[in-house]
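These notes concern the structure reproduced below.
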Amino acid sequence: MKKINLKRVASIIYAVVIIAMSFLFFTNDFGLVDIRKTAVIIGAGIDLKDGGVSVTAQVAIPQPSENGENTQYIEVEGEGVTVADALNEINKKTGFYPKLVFCKLLILGESCGGGDIFEILDYFYRDDYTQLTPVIAMCKGSAGQLLASKMRFGNTATVSIERLLSDEAKKSGNVSTVNLKIIGIQDYSPSKSCYMPYIRAQSQSAEGGSSGDSQGSTGGENSSGGQSGSSSGGGQNGGQQGGTQEFLCDRTAIFRDGTLAGVLTEEETFALNLIKNNVRHVFVPCEADGATYTLGMRNCNGGVRVTVENGAPKVRISFSAVVQVSDVDRTEDPQSVSEGVVPQAVLNGGAAAIEQRFSDLVSALRAAECDALEFRTLLHRFNYKYFDEFRDTILRDAEVSFDINLRSAG
């Protein structure tokens, strides 16, 4: 009986598979939409209006390469009873099929704070083509007008805000960057609280001077209810006449049961980030020896621990870092500067400054009845037998202590 040559059979099978895959590759578009018929949504702003929802989409319109033009960005507003209905109106207005798979940013307008934000965001959790990775934030004023802002730098408001809410900014402790997945986990945890960055728009005059917060509003040139377009070649740059916008993302909106409970200050936001985020390098001003020091801190590690001792819940907030003096408002000995040793008095001053910020954060969360530090979740996870007893009182009544450990880098 003739033996079968397995190597030869395997070679034939491989060749058939390659030919079949090549045939499919060159003859099938796999359900992809023609690029000329597609409008890619890179950012969306949501505002509540009487009886419905307004969605402003910042859309990238790909241009055929033979035209020699850059991608164009336009803002299109759609209104409806729900977010899905509003997106359908955008489709009607543009003739383009709006693709949310590339959406990287969601902005909730100030009007969304009066109700449950998860009723508004329900569409994005249900849609099969929407990922849970888009960064989400709330803004002062109208989200639609914010996205239509004219920028001093960057092509669009979406690009500029994405840069401000990037992972690098999060690691510096300046912003409380979160995405759809994170706020969903937080709100449906035992703590039933979540948070997100709070954006304020600041107007800039044509000469570059600041004119204060703009309440999230912009000029009428780019905020019409229909379509307002500008080419990426410079239509939204600061070279245009009139005022432009800069954004501040150093505050945090906190939510209880999906409803806006308040807005943390810059200092409270910084303290929240030290505890909740993986912070890489931060700067903290403090007072010591009659001078003002700015301390650079690396290897930061913050956390919260919940225990029950003698029948009462206790919360311990800890923080540790390696410290060096980055600046001081007086002249110091060059030798001590070169050695890089941070005096103990300065370390104590830095620890006191951080502890004060932590204390202010806890007070603000208690006043807002918002468990953004997840006391209830930690109680449920590590001391479950006490959960039913203290779930309603731990945020208000728990004894909170601080353990700050700063070490000199020199």
Side-chain angles (χ1 to χ4, degrees), residues 39-47 55-62 70-76 98-110 112 117 121 124 127 129-184 194-202 204 214 216 218 222-223 228-238 244-253 269 273 277-280:
V40 178
I41 295 178
I42 61 173
I46 304 175
D47 297 291
V55 176
T56 302
Q58 192 148 67
V59 180
I61 306 294
N70 295 324
T71 300
Q72 290 186 345
Y73 299 95
I74 63 172
E75 294 78 41
V76 188
K99 302 275 287 184
L100 281 170
V101 68
F102 300 105
C103 183
K104 299 292 183 66
L105 179 68
L106 292 175
I107 304 293
L108 300 178
E110 196 171 13
C112 296
I117 61 170
L121 298 174
F124 299 98
D127 184 33
Y129 298 100
T130 302
Q131 303 180 48
L132 296 179
T133 56
V135 172
I136 184 167
M138 176 168 274
C139 73
K140 184 176 183 180
S142 167
Q145 292 180 347
L146 186 76
L147 288 181
S149 301
K150 296 182 295 181
M151 305 306 304
R152 295 190 69 191
F153 56 88
N155 295 328
T156 66
T158 298
V159 173
S160 297
I161 294 173
E162 283 181 357
R163 185 184 300 113
L164 294 174
L165 301 180
S166 65
D167 285 339
E168 288 301 316
K170 183 177 181 179
K171 291 177 181 177
S172 68
N174 292 324
V175 295
S176 305
T177 304
V178 293
N179 57 32
L180 282 173
K181 179 180 179 180
I182 292 174
I183 65 169
C194 63
Y195 61 86
M196 64 182 66
Y198 186 79
I199 303 172
R200 296 171 292 152
Q202 181 171 273
Q204 298 288 322
S214 65
T218 59
N222 251 2
S223 57
S228 55
S230 61
S231 169
S232 64
Q236 289 177 316
N237 291 343
T244 55
Q245 298 289 324
E246 289 182 344
F247 298 131
L248 297 175
C249 306
D250 51 3
R251 296 186 182 181
T252 301
T269 295
N273 294 335
N277 295 335
N278 182 21
V279 176
R280 184 173 60 185

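Predicted model only: the values in this text are computed from it and were never measured. The figures that follow rest on heavy atoms only: side chains count, while hydrogens, waters and symmetry mates do not.
Taken to the nearest 0.5 Å, the CD atom of Q58 stands 5.5 Å off from the CG atom of L147. Once rounded to the nearest 0.5 Å, the distance linking CG of N179 with CG of L105 reads 12.0 Å. Expressed to the nearest 0.5 Å, how far OH of Y198 lies from CD of E110 amounts to 4.0 Å. The line from CG of L132 to CD1 of I183 is 10.0 Å long, rounded to the nearest 0.5 Å. Separating the CG atom in L165 from the OG atom in S176 is a distance of 9.5 Å, to the nearest 0.5 Å.
Proximity of T177 to I182: side-chain heavy atoms (C-beta onward) are nowhere separated by under 4.5 Å. Using a 4.5 Å heavy-atom cutoff, the side chains of C103 and F124 are not in contact. The shortest side-chain heavy-atom distance between L164 and I199 does not fall under the 4.5 Å cut-off. Between Y195 and T269, every side-chain heavy-atom pair lies at or beyond the 4.5 Å cut-off. Put simply, the side chain of N277 does not reach to within 4.5 Å of the side chain of K171, judged on heavy atoms. Looking at R200 and D250, their side chains come closer than 4.5 Å, going by heavy atoms from C-beta outward. The side-chain heavy atoms of I117 and I136, taken from C-beta on, include no pair separated by under 4.5 Å. With contacts defined as side-chain heavy-atom distances shorter than 4.5 Å, the pair C112/I46 qualifies.
Between R280 and E168 there is a salt bridge, with a side-chain nitrogen of the basic residue lying less than 4.0 Å from a carboxylate oxygen of the acidic one.
For the pair S160 (side chain) and A157 (backbone), a donor-acceptor distance under 3.5 Å is absent.
Of all heavy-atom pairs spanning E162 and I42, the tightest one is OE2-O, 3.9 Å. G109 approaches A143 most closely through the heavy-atom pair N-CB, 3.6 Å. Closest of all the heavy-atom pairs between M196 and A137 is SD-C, 3.6 Å. The two residues L100 and D127 come nearest to each other via the heavy atoms CD1-OD2, 4.1 Å. Between L146 and C139 the shortest heavy-atom distance is CD2-CB, 3.7 Å. What you find for C249 and V175 is that their closest heavy atoms are O-CG1, 3.2 Å.
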- Message: I'd like to know whether Q131 forms a side-chain contact (heavy atoms from CB on, under 4.5 Å) with V101, so could you lay out the CA-CA distance, the side-chain angles of the two residues, the decisive distance to 0.1 Å, and finally the verdict.
- Response: CA-CA 6 Å; Q131 303 180 48; V101 68; 3.9 Å; yes
- So L121 and L108, side-chain contact (heavy atoms from CB on, under 4.5 Å) or not? Walk me through it. CA-CA 9 Å; L121 298 174; L108 300 178; 4.0 Å; yes
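D47 is linked by a side chain to side chain donor-acceptor pair (under 3.5 Å) to S142, counting only residues two or more places apart in sequence or in another chain.
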